[in-house]
Amino acid sequence: MTILTILEVPDPGLRAVAKPVAAVDSDIRATLADMLETMYDARGIGLAATQVGIEQRLVVIDLQEPEEEGGDPVRRPVTFINPELLSVSDETSKYNEGCLSIPEQYAEVERPARCRVQWLDGDGVRHEEEMDGLMATCIQHEIDHLNGVLFTDHISKLKRDILMKKLAKLRKAG
Ligand code: GNR
Ligand code: NI
């Protein structure tokens, strides 16, 4: 297993539109394992292949927040191959989103509160599930990445400009 390098804004790789996976094989499973290792190492709750420069429709999510756990973190990884939004609710919800590709910056993003998602797992088995809460927010954030979209595309230009200035300042400070 390998910890992969996470691309950060303004890397043009983050704007790539990922291609559907044609066949679920051991290469795909190895990539998903590397993505999970990379996500845990970076302390994220989700990671899209786009963020590690791989233009394939692959996502990993584990909503477990290790900091909130008393003892050993219980890992509940979910791997998504070719995830698709089948439908979304009219009702929306707001969540203070962050992104490993936009370090230490957060903004309230409004998205559909619930969504119906289909995907393949590492064995090529199709799943379909209605998601809500943080899972709905996270899968929408990750599918956005596969389409070259960042959470900052969903906020006002003023908020985006402030956020990018804060990031520039943070980087300058090291
Ligand atoms: O770690 C992450 N936290 C997060 C918080 C709110 C909404 C979405 C996310 S996903 C993010 C990791 C990431 O950048 N995934 O693409
Ligand atoms: Ni992200």
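In this chain, residues are counted from 1 in sequence order.
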Enquirer: So which heavy atom on Ala48 is nearest to which on Leu146, and how close?
Expert: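 Nearest pair, atom of Ala48 first, then Leu146: CB-CD2, 4.1 Å.
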Enquirer: Quick check on the hydrophobic clustering: are Leu150 and Tyr95 connected, directly or via other members, by side-chain heavy-atom contacts under 4.5 Å?
Expert: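 Different clusters.
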Enquirer: Contact between Ile54 and Thr31 at the side-chain level, heavy atoms closer than 4.5 Å - yes or no?
Expert: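 SC-SC contact between Ile54 and Thr31 confirmed.
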Enquirer: Are any of the side-chain nitrogens in Asp34 or Arg29 under 4.0 Å away from the carboxylate oxygens of its partner?
Expert: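 Arg29 and Asp34: not salt-bridged.
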Enquirer: Testing Arg111, Gln105, His154 for side-chain hydrogen bond (donor to acceptor under 3.5 Å, both in side chains) with Glu97, which one passes?
Expert: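 Running side-chain hydrogen bond (donor to acceptor under 3.5 Å, both in side chains) over Arg111, Gln105, His154 with Glu97 returns exactly one hit, Arg111.
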Enquirer: Cys99 versus His141: any side-chain heavy-atom pair under 4.5 Å?
Expert: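 They are in side-chain contact.
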Enquirer: Is it the case that over 12 heavy atoms from other parts of the model lie below 6.0 angstrom from the CG atom of Asp90?
Expert: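 Open: at most 12 neighbouring heavy atoms sit under 6.0 Å from CG of Asp90.
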Enquirer: Only one of Ile3, Leu4, Asp62 forms a side chain to side chain contact (heavy atoms under 4.5 Å, CB included) with Met39, so which one is it?
Expert: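 Answer after filtering Ile3, Leu4, Asp62: Asp62.
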Enquirer: Quick check on the hydrophobic clustering: are Ile139 and Met135 connected, directly or via other members, by side-chain heavy-atom contacts under 4.5 Å?
Expert: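 They do share one cluster, since a chain of ILVMFWY contacts under 4.5 Å joins Ile139 to Met135.
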Enquirer: Is Ile155 close to Leu163 at the side-chain level, that is, under 4.5 Å between some pair of heavy atoms?
Expert: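 Side-chain contact under 4.5 Å: yes.
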Enquirer: With Leu36, which of Ile61, Asp41, Val60 fulfils side chain to side chain contact (heavy atoms under 4.5 Å, CB included)?
Expert: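 It is Val60, the one option of Ile61, Asp41, Val60 that forms the side chain to side chain contact (heavy atoms under 4.5 Å, CB included) with Leu36.
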Enquirer: If you compare all heavy atoms of Ser89 against all heavy atoms of Pro112, which two are closest, and at what distance to 0.1 Å?
Expert: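 Closest approach of Ser89 to Pro112: O-CB, 3.6 Å.
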Enquirer: Is any side-chain heavy atom of Leu63 closer than 4.5 Å to a side-chain heavy atom of Arg76?
Expert: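 They are not in contact (no side-chain heavy atoms under 4.5 Å apart), so the answer is no.
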Enquirer: Does the side chain of Pro83 reach to within under 4.5 Å of the side chain of Glu142, using non-hydrogen atoms?
Expert: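 No - every pair of side-chain heavy atoms lies 4.5 Å or more apart.
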Enquirer: Where the side chain of Arg57 meets the backbone of Ala18, is there a donor-acceptor pair that is under 3.5 Å apart?
Expert: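 Answer holds: yes.
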Enquirer: We want to know whether Asn147 and Arg15 form a side-chain donor-acceptor pair, criterion being a heavy-atom distance below 3.5 angstrom.
Expert: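 Side chains of Asn147 and Arg15: no pair found under 3.5 Å.
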Enquirer: On a heavy-atom basis, which atom in Asp153 and which in Gly148 lie closest, and how many Å separate them?
Expert: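 Asp153 and Gly148 have their closest heavy atoms at OD2-O, 4.4 Å.
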Enquirer: In plain terms, say whether Glu8 and Arg171 are close enough for a salt bridge, that is, a side-chain N and a carboxylate O under 4.0 Å apart.
Expert: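 Salt bridge flag = yes for Arg171 with Glu8.
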Enquirer: To the closest 0.5 Å, what do you measure between OG (Ser93) and CD (Glu110)?
Expert: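 Here the rounded value is 8.0 Å.
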Enquirer: State plainly whether one hydrophobic cluster holds both Val9 and Ile6, where clusters connect Ile, Leu, Val, Met, Phe, Trp and Tyr through side-chain heavy atoms under 4.5 angstrom apart.
Expert: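 Cluster IDs for Val9 and Ile6 differ.
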Enquirer: Are Val125 and Trp119 packed together at the side-chain level, in the sense that at least one heavy-atom pair is separated by less than 4.5 angstrom?
Expert: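 Heavy-atom side-chain distance check fails, nothing below 4.5 Å.
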Enquirer: Heavy-atom distance under 4.5 Å between the side chains of Val109 and Lys94, does that happen here?
Expert: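 They are not in side-chain contact.
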Enquirer: Is there a donor-acceptor pair under 3.5 Å between the side chain of Gln140 and the backbone N or O of Ala136?
Expert: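 Yes, the answer is positive, given that a donor and an acceptor are paired below the 3.5 Å cut-off.
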Enquirer: Around atom CD of Glu104, are there more than 12 heavy atoms of other residues, nucleotides or ligands at under 6.0 Å?
Expert: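 Counting other residues, nucleotides and ligands, CD of Glu104 stays at 12 neighbours or fewer.
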Enquirer: What do the steps show when you test Gln56 against Ile28 for side-chain contact (heavy atoms from CB on, under 4.5 Å), and what is the final call?
Expert: CA-CA 9 Å; Gln56 288 184 301; Ile28 292 296; 3.7 Å; yes
Enquirer: Have Arg126 and Gln118 got a donor and an acceptor in their side chains that come within less than 3.5 Å?
Expert: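 There is such a pair between these side chains.
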Enquirer: Is there a continuous path of hydrophobic side-chain contacts, each under 4.5 Å between heavy atoms, that joins Leu85 to Val21?
Expert: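 No, Leu85 does not connect to Val21 through the hydrophobic network.
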Enquirer: Begin from the C-alpha positions of Tyr40 and Arg75 and carry the test side-chain contact (heavy atoms from CB on, under 4.5 Å) through to its verdict.
Expert: CA-CA 9 Å; Tyr40 289 127; Arg75 289 184 171 181; 3.5 Å; yes
Enquirer: Would you say Leu58 ends up clustered with Leu7 if hydrophobic residues are merged whenever their side chains have heavy atoms under 4.5 Å apart, either directly or through other cluster members?
Expert: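 Different hydrophobic clusters.
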Enquirer: Going from CD on Gln51 to OG1 on Thr38, what distance comes out if it is rounded to the nearest 0.5 angstrom?
Expert: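 Those atoms lie 10.5 Å apart.
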Enquirer: I'd like to know if Glu55 and Lys19 make a salt bridge, using a cut-off of under 4.0 Å between side-chain N and carboxylate O.
Expert: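 Yes.
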Enquirer: Before giving the answer on side-chain contact (heavy atoms from CB on, under 4.5 Å), spell out for Leu47 and Leu100 the whole-Å C-alpha distance, their side-chain angles and the decisive distance to 0.1 Å.
Expert: CA-CA 8 Å; Leu47 187 74; Leu100 295 172; 4.1 Å; yes
Enquirer: Looking at Lys157 and Asp161, does any basic side-chain N land under 4.0 Å from a carboxylate oxygen?
Expert: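 A salt bridge links Lys157 with Asp161.
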Enquirer: Would you give the length of the straight line joining atom NE2 of His145 to atom OG of Ser101, rounded to the nearest 0.5 angstrom?
Expert: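 Atom-to-atom, His145:NE2 and Ser101:OG are 5.0 Å apart.
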Enquirer: Nearest 0.5 Å, please: how far is CG in Leu134 from CG in Asp132?
Expert: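 It comes to 10.0 Å.
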Enquirer: Would Lys166 and Leu170 count as a side-chain contact (heavy atoms from CB on, under 4.5 Å) here? Give the steps.
Expert: CA-CA 6 Å; Lys166 280 197 205 154; Leu170 180 88; over 6 Å; no
Enquirer: Any chance you could measure Met1, atom CE, to Met35, atom CE, to the nearest 0.5 Å?
Expert: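 Here the rounded value is 12.5 Å.
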Enquirer: Working to the nearest 0.5 angstrom, can you tell me the gap between Asn96 CG and Phe151 CZ?
Expert: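 Interatomic distance, Asn96 CG to Phe151 CZ, rounded to 0.5 Å: 8.5 Å.
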Enquirer: Assess whether a salt bridge exists between Arg116 and Glu129, defined as any Lys/Arg side-chain N lying under 4.0 Å from an Asp/Glu carboxylate O.
Expert: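 No, this pair does not count.
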Enquirer: May I ask you to test the Ile81-Asp121 pair for a side-chain heavy-atom distance under 4.5 Å?
Expert: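 Side-chain contact under 4.5 Å: no.
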